[in-house]
Amino acid sequence: MNPYGRKRYLSLDSVLKSEFGGKTVKIPLNVGLTCPNRDGKAGFGGCSYCSAALSGEFAGNPEKSIAEQFGKTKELYLRKWGETKYIAYLQAGSNTYADVETLRRIYLSCLELPVVGLSIATRADCLGEDVLDLLSEINQKTYLTVELGLQSSNDDTAKLINRGHTYSEFLQGYNALKKRNIRVSVHIINGLVGETRENMLETARDVADLQPYEIKIHLMHVIRGTLDEKRYLSGELMTLSKEEYVGIVCDQLELIPPGTAIGRLTGDGDRTTLVAPLWSMDKRSVLGAIDHELKLRDSWQGKHYKVN
């Protein structure tokens, strides 16, 4: 029997409302950090799908201070939702990929803002012991979530997308955070080059076994200027149809533990650089289709989850 009500999954929105007593939103920030698969440490060029903005199209301008970025976006959110509570979200780039003193300055600057928490997007191969110690310190000060991009647990896919680390290396970083009782969000992407439906479900099963605090499911966007744009134009990369994507997401939700918050079920593409799939621009329609499909199936998050 569906335990979630209308949504049929445990939305992060509902978790944060319960935690903080009301609507709580993330304000994306950009502090200009790069990634190890761009500067040569793990490779060059970045992930094959990642834009020049390092997935920070909707984050702030890194030339502006953290406080300026926060204030500008807060004004937009006030008009949309009215007074609410905020989490500072270091979104663009790998936000544990710098020396510890630089990171300490960034994190403490975020905590000086009127926020109830901090969310840090990064990679699992950017978590040295000194960084982990710092994250443990920050975790004592605020409601901290570290968001790790996995994208796929398939190592062949990781090579194709130039991820720069293996699934085993991802697990090392993930487990290091869990041992320190830090909330972890795991990002996965459906529709990556060369992947089948079964590959995508296997990634969901692997992540389900980890029982993370949160999972974000993204749609593969073909962005202008990326390697995957070249693959798409040559026919090497085929994007998912809306129907295919909705079906896969619902299959994945059925595999995810009931206690894991769902932070995202599709991605936002920048309309000025999005090449495909164009149907993804109607986000409300995609989310509505997922809700409708779960209802048709009489299904919900965790319906087929099995503890290993």
Open item on the list: Are L29 and L78 linked, directly or through intermediate hydrophobic residues, by side-chain heavy-atom contacts shorter than 4.5 Å (ILVMFWY only)?
Closed with: yes

- [ ] Examine Y97 and I66 and state if one hydrophobic cluster contains both, with Ile, Leu, Val, Met, Phe, Trp and Tyr joined whenever side-chain heavy atoms are less than 4.5 Å apart.
- [x]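 They do not share one cluster, since no chain of ILVMFWY contacts under 4.5 Å joins Y97 to I66.
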
What I want to check is whether the side chains of [X] and [Y] have a donor and an acceptor closer together than 3.5 Å.
{"X": "N199", "Y": "T196", "answer": "yes"}
{"X": "T166", "Y": "D155", "answer": "no"}
{"X": "K7", "Y": "S14", "answer": "no"}

TODO: May I ask you to decide if the ring planes of Y77 and W81 are parallel, tilted or perpendicular, using 30° and 60° as cut-offs?
DONE: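 Correct class here is perpendicular.
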
- [ ] Look at the aromatic rings of Y245 and W279 and report parallel, tilted or perpendicular, splitting at 30° and 60°.
- [x]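 Aromatic pair Y245/W279 classed tilted.
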
Open item on the list: My understanding is that only one of L33, D130, I120 makes a side-chain contact (heavy atoms from CB on, under 4.5 Å) with L103; could you say which?
Closed with: L33

Under 3.5 Å donor-acceptor, [X] side chain and [Y] backbone:
{"X": "N37", "Y": "N162", "result": "yes"}
{"X": "K85", "Y": "L16", "result": "no"}
{"X": "S234", "Y": "R231", "result": "yes"}
{"X": "R224", "Y": "T272", "result": "yes"}
{"X": "E19", "Y": "V15", "result": "no"}
{"X": "N139", "Y": "N181", "result": "yes"}
{"X": "Q301", "Y": "T260", "result": "yes"}
{"X": "Q252", "Y": "M200", "result": "yes"}
{"X": "T266", "Y": "R264", "result": "no"}
{"X": "Q69", "Y": "N61", "result": "yes"}

Would you please name every residue forming a ring-ring contact (aromatic ring centres under 6.0 Å, His included) with [X], sequence neighbours left out?
{"X": "Y4", "value": "none"}
{"X": "Y305", "value": "none"}
{"X": "Y143", "value": "F20"}
{"X": "Y9", "value": "none"}

If you count heavy atoms of other groups shown closer than 6.0 angstrom to [atom1] of [X], is the number above 12?
{"X": "K283", "atom1": "NZ", "answer": "yes"}
{"X": "M238", "atom1": "CE", "answer": "no"}
{"X": "E198", "atom1": "CD", "answer": "yes"}

Task: Check against side chain to side chain contact (heavy atoms under 4.5 Å, CB included), L177 and L148 - done: CA-CA 10 Å; L177 291 168; L148 296 181; 3.9 Å; yes

- [ ] Might you work through the side chain to side chain contact (heavy atoms under 4.5 Å, CB included) test for L135 and V131, ending with a clear yes or no?
- [x] CA-CA 6 Å; L135 292 173; V131 173; 4.1 Å; yes

Task: With E195 via side-chain hydrogen bond (donor to acceptor under 3.5 Å, both in side chains) - residues at least two apart - done: S152, T157

What side-chain donor-acceptor pairs closer than 3.5 Å can you find for residues 104-118, not counting sequence neighbours?
from : atom 1 : to   : atom 2 : distance (Å)
R104 : NH1    : E137 : OE1    : 2.9
R104 : NH1    : E137 : OE2    : 2.7
Y107 : OH     : N95  : O      : 2.6
S109 : OG     : R105 : O      : 2.8

Open item on the list: Quick one, H165 with F170, criterion side chain to side chain contact (heavy atoms under 4.5 Å, CB included). Give me CA distance, side-chain angles, the key distance, then yes/no.
Closed with: CA-CA 7 Å; H165 65 68; F170 170 86; 4.0 Å; yes

Task: Pairs flagged by side chain to side chain donor-acceptor pair (under 3.5 Å) wherever residues 114-129 is involved - sequence neighbours left out - done: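 Pairs touching residues 114-129 that pass the test: T96-T122, S119-E147, R123-D125, E129-R180.
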
- [ ] Determine, for D13 against K17, whether the closest basic-nitrogen to carboxylate-oxygen distance falls under 4.0 angstrom.
- [x]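 So D13 pairs with K17 through a salt bridge.
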
Task: Basic-acidic side-chain contact under 4.0 Å: E68, K72 - done: no

Does [X] have any side chain to side chain contact (heavy atoms under 4.5 Å, CB included) partners at least two apart in sequence or in another chain, and if so, which?
{"X": "N175", "value": "L171"}
{"X": "D209", "value": "N308"}
{"X": "R197", "value": "L201, I248, D251"}

- [ ] Just do the side chain to side chain contact (heavy atoms under 4.5 Å, CB included) check on I27 and K74 with the steps written out, would you?
- [x] CA-CA 7 Å; I27 293 190; K74 180 183 176 183; 3.9 Å; yes

TODO: Give me the other members of the hydrophobic cluster that L296 sits in, counting Ile, Leu, Val, Met, Phe, Trp and Tyr linked by side-chain heavy atoms under 4.5 Å, directly or via other members.
DONE: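 Hydrophobic cluster check, L296: no partners found.
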
Open item on the list: Who clusters with F44? Use side-chain heavy atoms, under 4.5 angstrom, across I, L, V, M, F, W and Y, and order the result by chain and number.
Closed with: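 None, because no other hydrophobic side chain comes under 4.5 Å of this residue.
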
Task: M281 vs R271 side-chain heavy atoms within contact, under 4.5 Å - done: yes

